[in-house]
Amino acid sequence: MTEFSPLQAEIHKLIRSSGPMPVWRYMELCLMHPEHGYYVSRDPLGREGDFTTAPEVSQMFGELLGLWAASVWKAIGSPPALRLVELGPGRGTMMADVLRAVRVLPPLYQSLHVDLVEVNPVLREKQRATLSGVRNITWHDNIDDVPEGPAVILANEYFDVLPIHQVVKRETGWHERVVELDADGKLIFAAADDPIPRFEVLLPPLVRVAPIGAVFEWRPDHEMMKIATRVRDQDGAALIIDYGHVRSDAGDTFQAIARHSFADPLKNPGQADVTAHVDFQALARAAEDVGARVHGPATQGDFLKRLGIETRAVTLMGKTTAEVSADISAALKRLTDSGRGGMGSMFKVLAVTEPNLTSVAGLSDEPPAPGEETE
């Protein structure tokens with residue numbers, strides 16, 4: 001991250017010419033500006049990047065997702081052709097691990113066509129290198145471009161970077177949260193002058209009783225609805241893994257990550273990853289609204305344990321040195337634990353399937369009871 005942000009001058013110019021900018025537009029520019037957007041110009045992953053995702057922690061993560069995909073393939077009748085779709089596939093690490101796992105089922109492996117939805121040209125090249133031996137692989141700019149047919153869709157840390165809308169509760173109602181310039185020319189958060197008419201009738205019950213000053217954020221449903229409609233009509237399942245909460249509630253989760261540490265989301269736009277927690281209740285509601293079936297959510301730790309990650313870790317440790325075994329044990333702990341540095345409870349897992357698929361591996365049809373989830 002540099003002290004100079006080329007995007008900052010452009011955002012200042014837009015605010016001066018058009019007025020305060022909604023948070024969703026600011027986030028969209030930070031991530032997807034065609035020249036200076038964070039996700040179109042760099043590789044953000046790993047120790048040298050800004051954050052580490054679960055597939056970078058251990059091969060076990062992707063391998064278990066491969067076995068999950070195999071279970072879905074069998075559950076939908078082992079179709080002779082299956083599209084294995086990944087949304088935001090990073091460096092291709094997870095897909096490589098998924099494919100290694102499904103090789104144990106030659107009929108499935110032979111049926112696959114891999115479709116990667118990726119807009120970052122830097123990451124596309126890394127994916128090509130990682131997956132250079134894979135046949136039947138195609139890249140797309142969005143899921144709409146993926147050809148029809150039964151599919152298993154994997155989305156790990158995909159929804160958290162989709163732009164959010166934010167509103168702030170005032171005495172006069174709910175006002176859209178915006179980014180504007182203060183007297184010194186510094187980017188700050190503010191609220192639009194006028195409230196959104198009758199906005200409270202659209203809110204979840206918990207949010208309606210939020211105190212003055214509370215922030216509520218949401219993402220439009222269209223991306224989830226596209227995914228759910230596809231699996232509803234064309235068979236298959238989608239697996240969504242992300243950090244977030246299982247019930248819709250008030251709270252400001254808009255944040256920036258740079259060099260594995262939290263940063264000011266209004267400083268150096270385009271130079272840091274800006275994200276917000278995922279509302280899994282909203283995702284589930286959107287999927288059910290179009291007639292798809294929802295399974296979960298569950299915590300990532302519970303999901304991976306149900307799929308057998310502990311057994312897989314023991315198997316891997318039995319084949320290697322004490323030093324590598326220690327690394328495998330540490331990776332298992334990071335992926336499944338709920339303590340500091342653990343991903344096990346903060347990350348949630350949700351599956352969406354066609355209506356007649358009554359169960360999927362690792363997840364139930366019943367959401368957690370109140371108090372079961374951990375942020």
Side-chain angles (χ1 to χ4, degrees), residues 1-2 5-42 44-45 49-51 53 87-88 90 117-120 123 141-143 155-168 174-182 186-192 196 199 214-224 226 240 242-245 248 250-259 261-280 282-283 286:
M1 190 155 101
T2 64
S5 163
L7 183 58
Q8 185 163 304
E10 189 161 337
I11 289 175
H12 281 221
K13 182 179 178 181
L14 286 169
I15 292 174
R16 288 193 176 102
S17 63
S18 303
M21 178 181 292
V23 167
W24 70 264
R25 178 58 175 155
Y26 175 80
M27 186 173 178
E28 181 180 67
L29 287 171
C30 287
L31 296 178
M32 303 304 297
H33 184 278
E35 186 177 356
H36 306 303
Y38 180 82
Y39 272 114
V40 298
S41 60
R42 73 194 70 216
L45 298 168
D50 291 320
F51 58 89
T53 61
L87 309 179
V117 178
E118 179 63 70
V119 297
N120 184 326
L123 288 178
D141 288 334
N142 58 69
I143 194 171
N156 180 57
E157 292 200 53
Y158 173 75
F159 278 88
D160 65 290
V161 297
L162 297 182
I164 55 164
H165 295 254
Q166 286 190 326
V167 287
V168 183
W174 290 89
H175 298 245
E176 185 164 30
R177 200 179 192 203
V178 297
V179 176
E180 67 176 16
L181 298 171
D182 67 9
K186 180 182 176 182
L187 293 173
I188 60 169
F189 287 114
I196 303 172
F199 184 76
V215 173
F216 176 64
E217 57 193 27
W218 77 96
R219 291 178 172 88
D221 291 334
H222 55 79
E223 194 74 8
M224 185 70 253
K226 284 195 294 187
I240 296 146
D242 228 312
Y243 61 94
H245 41 275
S248 302
D252 175 15
T253 71
F254 186 46
Q255 62 190 26
I257 303 289
R259 297 294 187 264
S261 299
F262 289 106
D264 183 348
L266 298 185
K267 186 177 181 181
N268 299 324
Q271 299 286 301
D273 181 32
V274 288
T275 71
H277 288 200
V278 174
D279 182 343
F280 278 85
L283 290 183

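Everything numeric here is computed off the predicted structure, so don't read it as measured data.
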Geometric class of the Tyr26/Phe254 ring pair [parallel <30°, tilted 30-60°, perpendicular >60°]: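 Ring orientation, 0 to 90° scale: perpendicular.
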Interatomic spacing from [atom1] in [X] to [atom2] in [Y] - rounded to 0.5 Å:
{"X": "Glu180", "Y": "His12", "atom1": "CD", "atom2": "NE2", "value": "12.0 Å"}
{"X": "His36", "Y": "Gln271", "atom1": "NE2", "atom2": "CD", "value": "10.0 Å"}
{"X": "Gln166", "Y": "Thr253", "atom1": "CD", "atom2": "OG1", "value": "7.0 Å"}
{"X": "Arg25", "Y": "Ile11", "atom1": "CZ", "atom2": "CD1", "value": "9.0 Å"}
{"X": "Leu29", "Y": "Leu14", "atom1": "CG", "atom2": "CG", "value": "6.5 Å"}
{"X": "Leu31", "Y": "Asp273", "atom1": "CG", "atom2": "CG", "value": "6.5 Å"}

From CA spacing to verdict: salt bridge (charged side-chain N to carboxylate O under 4.0 Å, His left out), Glu10, Lys13: CA-CA 5 Å; Glu10 189 161 337; Lys13 182 179 178 181; over 6 Å; no
[Y] side chain reached by [X] side chain, heavy atoms, under 4.5 Å:
{"X": "Asp252", "Y": "Val168", "answer": "no"}
{"X": "Glu176", "Y": "Phe199", "answer": "no"}
{"X": "Ile164", "Y": "Trp24", "answer": "no"}

Check: Val215 main-chain N/O paired with Arg177 side-chain donor or acceptor under 3.5 Å: no
Heavy-atom pair of closest approach, residues [X] and [Y]:
{"X": "Val167", "Y": "Trp174", "result": "CG2-CE3, 3.5 Å"}
{"X": "Glu217", "Y": "Ala276", "result": "OE2-CB, 4.0 Å"}
{"X": "Val274", "Y": "Ala256", "result": "CG1-CB, 3.9 Å"}
{"X": "Asp242", "Y": "Tyr158", "result": "OD2-N, 3.2 Å"}
{"X": "Ile143", "Y": "Glu223", "result": "CG2-OE2, 4.3 Å"}
{"X": "Glu118", "Y": "Gly90", "result": "OE1-N, 3.9 Å"}

Ring pair (Phe, Tyr, Trp, His ring centres under 6.0 Å) involving Tyr243 - partner list, sequence neighbours excluded: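 Residues passing ring pair (Phe, Tyr, Trp, His ring centres under 6.0 Å) with Tyr243: His277, Phe347.
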Phe189 and Val179: CA distance, side-chain angles, deciding distance, side-chain contact (heavy atoms from CB on, under 4.5 Å) verdict: CA-CA 5 Å; Phe189 287 114; Val179 176; 4.1 Å; yes
Over 12 foreign heavy atoms within 6.0 Å of NZ, Lys186: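 Open: at most 12 neighbouring heavy atoms sit under 6.0 Å from NZ of Lys186.
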Stepwise side-chain contact (heavy atoms from CB on, under 4.5 Å) check, Ile15 with Leu187: CA-CA 10 Å; Ile15 292 174; Leu187 293 173; 3.7 Å; yes
Residue pair Ile240, Phe280: steps toward the side-chain contact (heavy atoms from CB on, under 4.5 Å) verdict: CA-CA 9 Å; Ile240 296 146; Phe280 278 85; 4.2 Å; yes
side-chain contact (heavy atoms from CB on, under 4.5 Å) evaluation trace for Trp218 with Asp279: CA-CA 8 Å; Trp218 77 96; Asp279 182 343; over 6 Å; no
